[in-house]
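These notes concern the structure reproduced below.
Chain A is the first sequence line, chain B the second, and so forth, proteins listed ahead of strands; every chain is numbered from 1.
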There are 2 protein chains.
Amino acid sequence: MARRRQSVTIKHVAADAGVSLQTVSRVINNEPNVRPEMQKRVRDSIEKLGYVPSIAAQRMSGSRSYLIMALNDRERTIADWRDQHGTDWVDQMLLGGMLKCAEHGYRMIVELIDTHSDHVERELLAAIAAIQPDGVILTPPHSQNPVITRILDKHNISIARIGSLKEGPGFSLTMDDEGAARLATEHLAALGHRRIGLIAGARDYELSGWRIDGWCAAMADAGLDSEGLLAEGDFSYESGLTATAALLDQPDPATAIIVSNDQMTRAALDVAKQRGLIIPDDLSILSFDDTPVVRFAQPPLTAIQQPIAEVTARAVELIIADRRGQKPPEEPVVVPVRLIERTSTASPAIGVESASLPSEPPSPSAAQSG
Amino acid sequence: MARRRQSVTIKHVAADAGVSLQTVSRVINNEPNVRPEMQKRVRDSIEKLGYVPSIAAQRMSGSRSYLIMALNDRERTIADWRDQHGTDWVDQMLLGGMLKCAEHGYRMIVELIDTHSDHVERELLAAIAAIQPDGVILTPPHSQNPVITRILDKHNISIARIGSLKEGPGFSLTMDDEGAARLATEHLAALGHRRIGLIAGARDYELSGWRIDGWCAAMADAGLDSEGLLAEGDFSYESGLTATAALLDQPDPATAIIVSNDQMTRAALDVAKQRGLIIPDDLSILSFDDTPVVRFAQPPLTAIQQPIAEVTARAVELIIADRRGQKPPEEPVVVPVRLIERTSTASPAIGVESASLPSEPPSPSAAQSG
DNA sequence: GTGAAAGCGCTAACAT
DNA sequence: ATGTTAGCGCTTTCAC
């Protein structure tokens, strides 16, 4: 295979503009100490020759690689892809991350790593050595894995941790899980539900706890008893089946369920169907993931729309700013969610329930259909 | 920002193994002229030190960048993402491409380019200069764009063209569109349909033609008249509305429709619903994309499952083989599709239709529900 | 079969 | 404000 050279290099530009390599380099990198007229001369040459810096060469000598690595959990990501369950997390990350990267001359590379394996460290080191990313975007559960953050920090790589508030290197971003859970709960309470169940996510995800907190707080604020309404899941379909059953199999069963992700939501729908429960007449369901499986469900589900694209774009911005020496934000960056109202949530069926409604009627204002 | 060095370089390995840089380089690249004992010594050092070659450095001096670029149409990809219509083409490309790349120490970078813009050339050149990919995977409509293939070829980059059989540099891969259309048509004919319509895709996609060919051939083979049963679409939802209406608004309307992609399928479903047609009782619908929107439709749709992941994986293999100097395949690589039978296709309603059925009854063998 | 030297395209550090 | 020099980590070329 023939040796492939860059067709137009910084040398050609320098020669064409009649300046030194360094001056061209400064212009490319928007560094100071270049007179406007020089600037222009160089930029004109760049334009004329169609010069584009080689990322590889930039990385070789400089401190930047112009590469940002998006790290996702291998097992879960591959399973989602294979099963074609319509989880579009990676797609949305690409949408937000790639486009933002492109604005700044960066590229995003998706990398999968097994969190729970013994060779996380080895895998991560290999990825770092091969790619030399300027920054890494971590998603749960990687974002709270101290082994990973420590290694990245040691290598002086900027870290954006999505879905983690733990102390640690880099900056945190969240999708306001607590607020979202509160929003979801309030939505259902406003519809008149008193038995609002929550199917929580895997315990080792920080955000699972936040959602429980938000739900608990909102239940308390609404004067509702949350006794027996919390079911623990692990984000898998199977766990969703068990959890849903648990919420329905009790003396005073849930009339509305908030489900922490799309796969468990599928399970909840299936359990409801199997039991002959009509949605939303007999049971309201609200999903914490607005993925295709949820949007195209029958009936279309009311859902918390997680701004994955946006939060990823913000993560890219933070990393690039960090590279430029700007001070990272003190506080975690919180990207608010939206509640998309569809037809899976409605007032509970009139019956014994309604007889025991509190004196205060449900607020119709919060129940407007979007 | 501190200058970041590779922690373990080829030098460390060479020193540790007591050999020269070149010997290590040869081992890394599986080149000849290294004695087995040397091999082992070097490999042991690599293992011990946890050495991983830097892609940037490899690219700098050598002919390989270990980077494969997956090129998609910017406008359509972003629209699909934004609208969240559940098209998972990019996801599936990543699944197949990334994993295969990983097996060989390559990485895949997704890049978006506007096909129809004036600056295709400029955008492509910029991407090439920045990334220096060893190979590029082209999807329609890029795969048939001579401007693109010519530039890539000139830069000595391996080209895998998915969905194009036109003469040109690089190798072609298809998902057997003609055979798939034939399969779909036969499936419907076997159910007893005589008026099987096809909503074709955009004319400037080669595969649109192949599908028409397959459908035509199968119709002829089944002794069916295809008069008035071909409607042209352009893959957009809107075009799907018009095309569906055209197939239904005629003296002898279609009782089954094959739709060339998921968005037009959505349109077909909506038209049917609006007209009060029950699927599959009044109208059978078969989609040419098995994306989430199709799988989770009500009823779930019978669909051609395009093996995007697999064809991308094959493309990666071909590119890597090409880099290694292996001779590319003479013939286009054809990855077969599968027909996923769901509940949107059934025998046409018994009525005037059945009275005029040909003497030969529909073959039940081909109508087995999967 | 192995090693030494040269240089890929670019930037950091140090001149001027 | 601009230029010069010395590498970055690796592969290529060519000598041994």
Side-chain angles (χ1 to χ4, degrees), chain A residues 1-15 17-42 46 49 51-67 105 128-132 134 156 323-325, chain B residues 1-15 17-42 46 49 51-67 105 128-132 134 156 323:
Chain A
M1 199 44 61
R3 186 186 180 83
R4 212 171 47 229
R5 300 184 136 81
Q6 194 87 336
S7 43
V8 181
T9 73
I10 198 170
K11 283 186 188 164
H12 299 103
V13 177
V19 298
S20 72
L21 299 184
Q22 201 40 239
T23 304
V24 179
S25 174
R26 284 182 182 118
V27 171
I28 296 169
N29 297 294
N30 287 312
E31 280 172 23
N33 296 340
V34 184
R35 277 181 317 189
E37 48 193 282
M38 279 276 141
Q39 278 262 9
K40 179 160 172 22
R41 234 163 75 195
V42 172
I46 289 177
L49 302 176
Y51 165 75
V52 178
S54 149
I55 285 188
Q58 291 187 116
R59 151 63 203 128
M60 278 303 295
S61 29
S63 49
R64 281 147 306 166
S65 66
Y66 293 96
L67 254 24
I128 292 174
I131 297 177
Q132 304 266 20
D134 281 354
N156 194 24
R323 285 289 122 178
R324 295 193 175 140
Chain B
M1 197 45 60
R3 188 183 179 85
R4 212 171 47 230
R5 303 183 134 81
Q6 194 88 334
S7 44
V8 181
T9 74
I10 198 172
K11 282 186 188 164
H12 299 102
V13 178
V19 299
S20 73
L21 300 184
Q22 286 31 302
T23 305
V24 179
S25 176
R26 285 182 182 114
V27 171
I28 297 169
N29 297 294
N30 288 312
E31 282 171 20
N33 294 342
V34 183
R35 279 178 315 188
E37 47 194 280
M38 279 275 141
Q39 278 261 11
K40 179 160 173 24
R41 234 164 74 196
V42 172
I46 288 177
L49 302 176
Y51 165 75
V52 178
S54 149
I55 285 188
Q58 290 186 120
R59 153 60 204 132
M60 278 303 295
S61 30
S63 49
R64 282 147 306 167
S65 67
Y66 293 96
L67 255 23
I128 292 173
I131 297 177
Q132 303 266 19
D134 280 355
N156 195 24
R323 286 288 122 179

Rounded interatomic separation in angstrom, taking CD from E31(A) and C1' from dT11(C): 8 Å
Please state how far atom CD1 in I46(A) lies from atom P in dG9(C), giving the value in whole angstrom units. 16 Å
What is the distance from CG of N29(B) to P of dG9(D), rounded to the nearest Å? 17 Å
Backbone N or O of D134(A) within a donor-acceptor pair of the R323(A) side chain at under 3.5 Å? yes
Checking R41(A) side chain against A17(A) main chain: does a donor-acceptor pair fall under 3.5 Å? yes
Would you mind reading off the distance between K40(A) atom NZ and dA1(D) atom C1', rounded to a whole angstrom? 19 Å
Please examine the side chains of V13(B) and V27(B), heavy atoms only from C-beta on, and report whether any two atoms are closer than 4.5 Å. no
Restricting both atoms to N or O, compile the protein contacts to nucleotides 1-5 of chain C shorter than 3.5 Å, with distance only.
residue	atom	partner	partner atom	Å
dG1(C)	OP2	N33(B)	OD1	3.1
dT2(C)	OP1	R35(B)	NE	2.8
dT2(C)	OP1	R35(B)	NH2	2.8
dT2(C)	OP2	R35(B)	N	2.8
dG3(C)	OP2	S20(B)	N	3.1
dG3(C)	OP2	S20(B)	OG	2.9
dG3(C)	OP2	T23(B)	OG1	2.5
dG3(C)	N7	R26(B)	NH1	3.4
dG3(C)	O6	R26(B)	NH2	2.7
dA4(C)	N7	Q22(B)	NE2	3.0
dA4(C)	N6	Q22(B)	NE2	3.2
dA5(C)	N6	Q22(B)	NE2	2.8

Where the side chain of K11(A) is defined as all heavy atoms beyond and including C-beta, which of dC8(C), dT11(D), dG9(C) is the nearest nucleotide? dC8(C)
What's the separation between atom CD1 in I55(B) and atom CG in L67(A), rounded to the nearest 0.5 Å? 8.5 Å
Quick check on the helix from dG1(C)-dC16(D) to dT16(C)-dA1(D): what's the angle between its two end axes, five base pairs per end, to the nearest 10°? 30°
Expressed in angstrom and rounded to an integer, what is the separation of R64(A) atom CZ from dG9(C) atom C1'? 14 Å
Write down the distance between OH (Y66(B)) and C1' (dC10(D)), rounded to a whole number of angstrom. 11 Å
Take atom CE of M60(B) and atom C1' of dG9(C), then tell me their distance rounded to the nearest Å. 4 Å
So does Y51(B) get a side-chain nitrogen or oxygen closer than 4.0 Å to the phosphate oxygens (OP1/OP2) of dC10(D)? yes
So, is S25(A) close to the dT11(C) phosphate, meaning a side-chain N or O under 4.0 Å from OP1 or OP2? yes
Once you round to the nearest 0.5 Å, how far does OG of S20(B) lie from CE of M38(B)? 9.0 Å
Could you state the atom-to-atom distance from CD1 of I28(B) to C1' of dC10(D) in whole Å? 8 Å
How many angstroms lie between OG1 in T9(B) and CG in L21(B), if you round to the nearest 0.5 Å? 8.0 Å
For a 4.5 angstrom cut-off between non-hydrogen side-chain atoms, does N29(A) reach R64(A)? yes
Hey, could you give me the OG/CE distance between S54(B) and M60(B), rounded to the nearest 0.5 Å? 10.0 Å
Step-by-step side chain to side chain contact (heavy atoms under 4.5 Å, CB included) determination, I10(A) to S25(A): CA-CA 8 Å; I10(A) 198 170; S25(A) 174; 4.0 Å; yes
